[in-house]
Amino acid sequence: MNNLFVLGTAFLPIFGAVVALLLVRYDRAKRWLSFLASLAAWACSLVVAIQVFGEGPQTYRMGGYQPPFGIVLVADGLGAFFAFMSATVMMAGLLYAVHCKDKCVSYPAFLPLFLTMETGLNGALLTGDIFSLFVFMELMVLSSVTLVAIADDSLGLEAAIKYLLISGMGTLLLLLGIADLYASFGTLNMADMAQQLVTGERPLLAQGASVMLVCAFLLKSAVFPFHFWQPDFHTTAPTPVHAVLSSVVVKIGIYGIIRLLTLLYRQEAQAIGSLLVVLGLIGVFYGGLTALRTYNGKRLLAYSTIGQIGFILVSMGWGTPLALVAALVYAFNHALVKAALLMVMGLLSSRTDPKSADFADVGGAGTLMPPIIGALWFLGGMALAGVPPMNGFISKLAIVQSGVQVQQWLPLFLAVGAGFITLIYVIRTWQAVFQRKNPDLKLTIKSYGDGVIAPTLLIALCVLLGVYAVPLLHVAELVVQQLADPFVYIDAVRLFGD
Amino acid sequence: MIEVIFAAAIGALFALGVFQLLRRDLIKSAMGFAVLFTAVNLFLLAVGAYRGEASAYTANLEAGLMTSDPLVQALILTAIVVSFGSYALLLGMVYVVSRRYRTADSDEMNNLQN
């Protein structure tokens, strides 16, 4: 049974990219078409999510070949959850790009690259074949590198070179790990590998591969020892790209590690988990404290991403069902909040004279802008810090609950303490940008109405998920139930079946 | 015997690649990037190439002989395309950045530090 919606989630954006390339001369048409392509992919991912959580995992066999010989796209609970998250934020990012006045958005390659990045991300989340996971991730990396290299910020090129070199190392590790897995199992299909692991012995080579794969995914998520590229790369990115990079593209590593720990390396999950808790805690403090002494709005949010990913890792490391629910909810909520905050910051910084988000330039800009922008930042900041009516509170609460359940008091204490750092830097930014008057500041007068749509939608979703969090929690619980049994995934692929 | 030579070659290429990648000159590190990818491609080849008794594509296969694995060659083909794309992109960016700074020394390109 082939489900075309699974294919659409991954491949509609790249078709949009091809058409957008043809529309070089028609700027507005190109922008709207790109948005429509991502909207279509979002609709597909919504349908897939509804089907997955109603009927069970959905698959699509590329070219009709039976797995494990052909490539198969598998949307199980985890894949559908992450694909829906990514499609939502990507759609918001492209909606922002429709009205974005940055020069680079009107370059012929910008929107097609944005869409190929979405294909890379959604494809990597949905594929059941580990080699095409590598291909999709490379598509994502190369698109994002090019997007940052053509940014208005001339430093983008340096950051892009740096990231391409570091990410090249990650790619090599991933490829080595894949080669090891192929040598051990003679297959590239993850369900087939999982089945052989359940029934047969565990080759030493496959255990070695776990180190390489986990390192590669940690690198993509900018976790502590591999985080150096992230603030530069994200800060110099154009605003719509930064919004998706910091929110959903870094989550590919989270997805990959959850997939490894629940499908291939269930026996090693305990050991890898305790490593993740340590790395996560380092990330929480590193990200939080560095954000405290950063005086640039976009860079601050990039550092904040390191901290927030740390919370997710700590929760993943505990590894109990409740903790995994917390990690998924946290990942979803953080994606919405971070994208919205970055769009608001981009709205402000694109109106200052040197177009930078330095507090020296953007400080006080909020007082000259209409109050809705301040309100959006305030609500988003409160969500990021985890103040009660917002969705961030739900995710923090879930982490605290799971920490109490596993009785890991020290990590829990440290994580909660670091949560207050978030509050401090959010409030400090709020004061610097929206409270303090800056008489010298001159803003470029431009219509602001269009650019507000995307962050407003995201913040509205944040408020909604804060007030009425039951559906998200319920869905995350369903995902974790599916993850508890690897045979849900294996049976969904129907190896050697028709 | 061939396996040992192959393994030694992969190891040597890997060492050379890592050494080049860590050089200060961006063009040299780009070359190291390419060498590393070659090493990994050879590793992928080694995974399947020596398991069989006959070559993967042969017209007159003697009965009872196992052919070596053709899939790894397909994988390498894909990996070469990907690495070629990244290498071209990297060289293009290094070209632009070295024109801009009039040097390819990565220590001179420290504008991101502040």
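What you are looking at is a predicted structure, and each value in this text was computed from that prediction instead of being measured. A, B, ... follow the sequence lines: proteins, then strands. Residue 1 opens every chain. Values below: every heavy atom of this structure, side chains too, minus hydrogens, waters and symmetry copies.
- Considering CG of L44(B) and CG of L175(A), their distance stands at 5.0 Å, rounded to 0.5 Å.
- Note: L26(B) CG to E158(A) CD = 9.0 Å, rounded to the nearest 0.5 Å.
- One N or O on the side chain of R100(B) and one on the backbone of S154(A) form a donor-acceptor pair closer than 3.5 Å.
- Atom CG of L204(A) has 12 or fewer heavy atoms from other residues, nucleotides or ligands within 6.0 Å.
- Chain B forms the most heavy-atom pairs under 4.5 Å with one residue out of L164(A), T171(A), N296(A), D180(A), and that residue is L164(A).
- Within 6.0 Å of OH on Y65(A) lie no more than 12 heavy atoms contributed by other residues, nucleotides or ligands.
- Summarising the geometry, atom CZ belonging to F43(B) is positioned 11.5 Å from atom CD1 belonging to I178(A); distances are rounded to the nearest 0.5 Å.
- Contact detail for F131(A) and L75(B): the closest heavy-atom pair is CZ-O, 3.4 Å.
- For F37(B), the parts sitting under 4.5 Å from any heavy atom of chain A are the backbone and the side chain alike.
- When side chains are defined from C-beta on, L188(A) counts as touching L71(B), because their heavy atoms get closer than 4.5 Å.
- For the pair T146(A)/M93(B), no side-chain contact is recorded, criterion being any heavy-atom separation below 4.5 Å from C-beta on.
- Of the two parts of Y87(B), neither the backbone nor the side chain holds a non-hydrogen atom closer than 4.5 Å to a non-hydrogen atom of chain A.
- Of the two parts of V81(B), neither the backbone nor the side chain holds a non-hydrogen atom closer than 4.5 Å to a non-hydrogen atom of chain A.
- The OG atom of S86(B) lies 4.5 Å from the CG atom of L142(A); values are rounded to the nearest 0.5 Å.
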